[in-house]
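Atoms considered below: every heavy atom in the structure, side chains included; atoms not considered: hydrogens, waters and symmetry mates.
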Amino acid sequence: MVGFWEALDRQLGQRLGIPFSSQVRQPLGGGSINAAYRLVGEGGQFFVKLNRAERVEMFAAEAEGLREIQASQTIRVPTPILWGCHEQSSYLVLEYLELGGRGSARQLGYDVAAMHRVRGSRFGWHRHNTIGATPQLNTWEGDWVHFYRQHRLGYQVQLARRYGGQWQQRVQWLLEHLEVFFRDYQPYPALVHGDLWGGNYGYLPDGTPVIFDPAVYFGDAETDLAMTRLFGGFPESFYQAYAEVIPPQPGWQERLPLYQLYHLLNHLNLFGSGYLGQVIQAVEQCCAVVARNM
């Protein structure tokens, strides 16, 4: 691994335009997909993610996603600096941000809403990326229902075929009736983070909200809000501030389990059958909505 770090120091020095030699390579915890380190040298300190060499495109897409959000000038993200491969490892070097400060969830709500007001011309993105370690397909589409059926739920359901049971038939029935959720609601292609759960935001020491680890695309803004309500949720003041900028649309409560289902399926596919019960519950909630409104 020593040879890897020396090579990364050289690459980083070339990008910075000054010689760089890391004196501290501190392992950081908290990630389930990548190894992470804080790199410290005379040229500054950096956040480094590592994975196998074949994961380099995952890092390239993450860097582009951060740049997409950064270009919107709506919410703070870490600046991507360098990514690539060396021998058996791929890497992504980011600006190191000191997180853990106390910030305003209201400001986070305002900033996320500002990001969601950035509109694309279609649903999708210019490249595929990943949601966790799972491929996320972002083929451009003009129709949201088709996009969500084909490139979100449908793809995850195919990956989950090994988990047999009646829920498989139920979710196929749901996929055939997705239009029911959108009879009175036409979302626009909003710039979304794509994986906005409680572990992917923080605050700088001055209280500035920061989001990171994106799975960027242009989609229904409600998909981000649905993810914020999984795995612990965000403070209520976040939703209050967000609603001042983008008021809740009729039927959002019924679409909530539909949008959470994508992430629950992904967790099932990534981490195993411990998530199957939540998947089945969300499928049944969605099927009940369809049955009520057919």
Side-chain angles (χ1 to χ4, degrees), residues 57-58 60-69 71-72 74 112-161 168 171-196 213-228 230 246 248-252 254-269 279 282-283 286-287 289-290 293-294:
E57 283 304 303
M58 174 181 71
E62 180 178 341
E64 287 194 42
L66 289 168
R67 286 181 168 176
E68 183 87 60
I69 297 173
S72 75
T74 56
V112 170
M115 180 180 68
H116 286 168
R117 293 183 70 181
V118 177
R119 297 187 179 218
S121 58
R122 291 173 294 168
F123 300 100
W125 200 38
H126 69 274
R127 65 172 298 161
H128 302 320
N129 51 17
T130 56
I131 179 74
T134 309
Q136 181 169 263
L137 308 183
N138 295 317
T139 305
W140 290 114
E141 303 286 356
D143 180 75
W144 171 247
V145 174
H146 176 76
F147 179 91
Y148 195 67
R149 177 190 289 123
Q150 191 75 18
H151 306 307
R152 291 296 179 264
L153 289 186
Y155 183 76
Q156 292 282 352
V157 167
Q158 287 298 311
L159 294 179
R161 282 181 299 177
Q168 296 268 356
V171 79
Q172 289 298 330
W173 183 79
L174 170 64
L175 290 174
E176 293 169 6
H177 296 89
L178 285 189
E179 287 84 359
V180 169
F181 292 87
F182 300 94
R183 285 176 177 165
D184 301 312
Y185 174 62
Q186 298 296 322
Y188 63 85
L191 176 61
V192 298
H193 176 281
D195 195 12
L196 193 59
D213 291 350
V216 161
Y217 65 101
F218 286 89
D220 184 359
E222 286 186 7
T223 59
D224 265 354
L225 293 185
M227 183 55 162
T228 67
L230 276 175
I246 304 177
Q249 297 300 300
W252 73 266
E254 293 186 330
R255 291 184 293 274
L256 180 63
L258 181 70
Y259 287 152
Q260 291 179 339
L261 179 58
Y262 173 64
H263 297 288
L264 293 171
L265 282 165
N266 187 50
H267 275 66
L268 175 66
N269 289 319
V279 166
V283 169
C286 292
C287 287
V289 170
V290 173
N293 291 281
M294 285 184 68

Give the C-alpha distance, both sets of side-chain angles, the deciding distance and a yes or no for side chain to side chain contact (heavy atoms under 4.5 Å, CB included) between Tyr148 and Phe182.
CA-CA 12 Å; Tyr148 195 67; Phe182 300 94; 5.7 Å; no

Looking at His193, is its backbone amide N or carbonyl O close enough to the side chain of Asp224 to form a donor-acceptor pair, meaning the two atoms are under 3.5 Å apart?
yes

Nearest 0.5 Å please: distance from the CD atom of Gln186 over to the CD atom of Gln249.
11.0 Å

From CD (Gln136) to CG (Asn129), nearest 0.5 Å
5.0 Å

Considering non-hydrogen atoms only, spot the tightest contact between Arg149 and Leu175 and give its length.
NE-O, 2.7 Å

State, yes or no, whether a side-chain contact exists between Thr223 and Tyr217 at a heavy-atom distance under 4.5 Å.
yes

Is there a side-chain contact between Leu265 and Leu159 in this structure, where contact means two heavy atoms from C-beta onward sitting under 4.5 Å apart?
no

Evaluate side chain to side chain contact (heavy atoms under 4.5 Å, CB included) for Cys286 paired with Phe181, printing each intermediate quantity in order.
CA-CA 9 Å; Cys286 292; Phe181 292 87; 4.0 Å; yes

Considering all heavy atoms of both residues, which atom of Ala221 and which atom of Val192 are nearest to each other, and what is their separation?
CA-CG1, 4.0 Å

Heavy-atom pair of closest approach, residues Ala282 and Leu261:
CB-CD1, 4.0 Å

When rounded to the nearest 0.5 Å, the distance separating OG1 of Thr130 from CG of Asn266 is 9.5 Å

Name the orientation class of the two ring planes belonging to Trp144 and Phe123 (parallel below 30°, tilted from 30 to 60°, perpendicular beyond 60°).
tilted

Classify the side-chain pair Asn269/Thr134 by whether it contains a donor and acceptor separated by less than 3.5 Å.
no

Can you tell me if Tyr185 and Asp220 form a side-chain donor-acceptor pair at under 3.5 Å?
yes

Using the side chain to side chain contact (heavy atoms under 4.5 Å, CB included) rule, take Leu191 and Thr74 through it: C-alpha gap first, then chi angles, then the decisive distance, then the call.
CA-CA 11 Å; Leu191 176 61; Thr74 56; 5.6 Å; no

Side-chain touch Val171/Val279, heavy atoms, less than 4.5 angstrom
no

Is there side-chain contact between His128 and Thr139, with heavy atoms separated by less than 4.5 Å?
yes

Does a side-chain heavy-atom distance below 4.5 Å link Val118 with Ser72?
yes

Roughly how far, to the nearest 0.5 Å, is CH2 of Trp140 from NE2 of His126?
8.5 Å

Over 12 foreign heavy atoms within 6.0 Å of CZ, Arg161
no

Answer yes or no: is there a side-chain heavy-atom contact under 4.5 Å between Leu153 and Gln156?
no

Is it the case that the side chain of Arg152 and the backbone of Leu137 share a donor-acceptor pair, with hydrogens and angles ignored and the cut-off at 3.5 Å?
yes

Report yes or no: does Asp213 contribute a side-chain atom to a donor-acceptor pair with the main-chain N or O of Asp195 at less than 3.5 Å?
no

Output yes when a side-chain donor or acceptor of Gln168 lies under 3.5 Å from a complementary backbone atom of Ala160, and no otherwise.
yes

Just verifying a value: how many Å separate Ile131 CD1 and Tyr262 OH, rounded to the nearest 0.5 Å?
5.0 Å

Could you measure the distance from the CG atom of Asn293 to the CD atom of Glu179? Nearest 0.5 Å is fine.
13.5 Å

Would you say Glu57 and Arg127 make side-chain contact, with heavy atoms under 4.5 Å?
yes

Check the pair Glu222, His116 against side chain to side chain contact (heavy atoms under 4.5 Å, CB included), reporting the backbone distance first and the verdict last.
CA-CA 9 Å; Glu222 286 186 7; His116 286 168; over 6 Å; no

How about Trp125 and Glu64: does a side-chain donor come under 3.5 Å of a side-chain acceptor?
no

Under 4.5 Å between any side-chain heavy atoms of Trp173 and Val290, yes or no?
yes

